[in-house]
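Just so you know, residue 1 is the first one in the sequence shown, and it goes up from there.
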Amino acid sequence: IWQTPANKKDGWYRLDNGLVLNCYYHNKQAYDSLNRTPNLFLTKLAYESFNVNTLCEIKLANDGDELGLCYMGASYAYICVCRINGVNHLQVKKGEFNNESDEVLFDSVYKNNEISFMMKYIGPNQYRLGFNGTLLKEVFEALPGRWIGGKIGIYAKGLKTGGYARFKYFKVRGMKK
């Protein structure tokens, strides 16, 4: 069950052959720091250990368009595709609540029009991110706290409205230790 944005605006998302999230512009603060983005789709998962996999069609139209998979907590990390100088880039970023901007840890040109985002929860609150069948080596930690706890989610945002992401599926598989 998704926790959808409480004060939803027309144009943020729609159901059309999957969940379509539009690269919607809010303000500079929301663009620079994911935790300030109001149109995150988040959910809590009640497994001790789990894998998440989602397939996303990429339709980024403008520089600054971005879509991705995150594990949001007081500290968080996410994997995303963003458009920079007319070219799509795969990036891994991390951030913390109350920071003005998130830090880019990895950046590479991404040429495909689909991506399979992955996350493997290795707990407690530790996880690895990946894409297209490959998990990255770095282990991230989503510190609990604040009102949010730790939640997995997807999003799309932009510097101006135009592009979108079509999430064709979002699968969670619980794993036994």
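The CG atom of N22 lies 9.0 Å from the OH atom of Y164; values are rounded to the nearest 0.5 Å. Atoms CG and SG, on D107 and C80 in that order, are 9.0 Å from each other to the nearest 0.5 Å. Rounding to the nearest 0.5 Å gives a distance of 11.5 Å between OH of Y31 and OG of S101. A distance of 13.0 Å separates CG of L40 from OG1 of T43, quoted to the nearest 0.5 Å. Taking OH from Y169 and OG1 from T54, the interatomic distance works out to 7.0 Å, rounded to the nearest 0.5 Å. The distance from atom CZ of F140 to atom OH of Y127, rounded to the nearest 0.5 Å, is 6.5 Å.
If you check the side chains of Y110 and N132, you find a donor sitting under 3.5 Å from an acceptor. A donor atom on one side chain and an acceptor atom on the other are not found under 3.5 Å apart for R173 and N51.
In this structure, the side chains of I79 and Q91 stay at 4.5 Å or more apart for every pair of heavy atoms. Within the 4.5 Å cutoff, side-chain heavy atoms of F106 are placed close to those of L90. Residues F170 and I154 form a side-chain contact, since some pair of their non-hydrogen atoms from C-beta on lies under 4.5 Å apart. C23 places none of its side-chain heavy atoms less than 4.5 Å from the side chain of K157. A heavy-atom distance below 4.5 Å is not found between the side chains of V20 and L15. Counting only heavy atoms from C-beta outward, the side chains of M119 and I152 approach each other to under 4.5 Å. Looking at K168 and N17, their side chains never come closer than 4.5 Å, going by heavy atoms from C-beta outward. Side-chain contact between V92 and Y78: absent, with no pair of heavy atoms (C-beta onward) separated by less than 4.5 Å.
Looking at every heavy atom in both residues, G73 comes nearest to F97 through O-CE1, 3.0 Å. Looking at every heavy atom in both residues, N35 comes nearest to E96 through ND2-O, 3.5 Å. For the pair N99 and R36, the tightest heavy-atom approach, listed with the atom from each and the gap, is O-NH2, 3.7 Å. The nearest pair of heavy atoms linking N53 to S116 is OD1-OG, 2.9 Å. In this structure, R83 and L60 approach most closely via the heavy-atom pair CD-O, 3.6 Å.
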Using atom types as modelled, flag every donor-acceptor pair under 3.5 Å from a side chain in residues 63-71 to any protein atom, sequence neighbours excluded.
residue: D63; atom: OD1; partner: N85; partner atom: N; Å: 3.2
residue: D63; atom: OD1; partner: G86; partner atom: N; Å: 2.7
residue: D63; atom: OD2; partner: N85; partner atom: N; Å: 3.3
residue: D65; atom: OD2; partner: A61; partner atom: N; Å: 2.8
residue: D65; atom: OD2; partner: N62; partner atom: N; Å: 2.9
residue: D65; atom: OD2; partner: G163; partner atom: N; Å: 3.2
residue: E66; atom: OE1; partner: K93; partner atom: NZ; Å: 2.9
residue: E66; atom: OE2; partner: Y155; partner atom: OH; Å: 2.6

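Proximity of a side-chain donor or acceptor of N27 to a complementary backbone N or O of Q29 within less than 3.5 Å is detected. Using a distance-only test at 3.5 Å, with no hydrogens or angles considered, a donor-acceptor pair links the side chain of Y25 to the main chain of K28. At distances below 3.5 Å, at least one donor-acceptor pair connects side-chain atoms of T37 with backbone N or O atoms of L34. Looking only at distances, a side-chain donor or acceptor of R166 sits under 3.5 Å from a matching main-chain atom of D16. Listed for the S75 side chain is a donor-acceptor partner under 3.5 Å among the backbone atoms of E141.
Cluster membership for V172 and I115, using ILVMFWY side-chain heavy atoms within less than 4.5 angstrom, is shared. No single ILVMFWY cluster, assembled from side-chain heavy atoms under 4.5 Å apart, contains both L55 and L21.
Under the ring pair (Phe, Tyr, Trp, His ring centres under 6.0 Å) criterion, Y76 pairs with no residue at all, not counting sequence neighbours. When the side-chain contact (heavy atoms from CB on, under 4.5 Å) test is applied to L135, the partners found at least two apart in sequence or on another chain are M118, K120, R128.
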Original post:
Should N113 and E57 be marked as a side chain to side chain contact (heavy atoms under 4.5 Å, CB included) after you check the CA-CA gap, both sets of side-chain angles, and the distance that decides it?
Top reply: CA-CA 6 Å; N113 62 0; E57 178 184 349; 5.9 Å; no
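Note: Y13 and F41 meet the aromatic proximity criterion, with ring centroids under 6.0 Å apart. Checked against the 6.0 Å centroid threshold, Y121 and F50 count as a close aromatic pair.
We find that D102 and K94 are not joined by a salt bridge, their nearest charged nitrogen and carboxylate oxygen being 4.0 Å or further apart.
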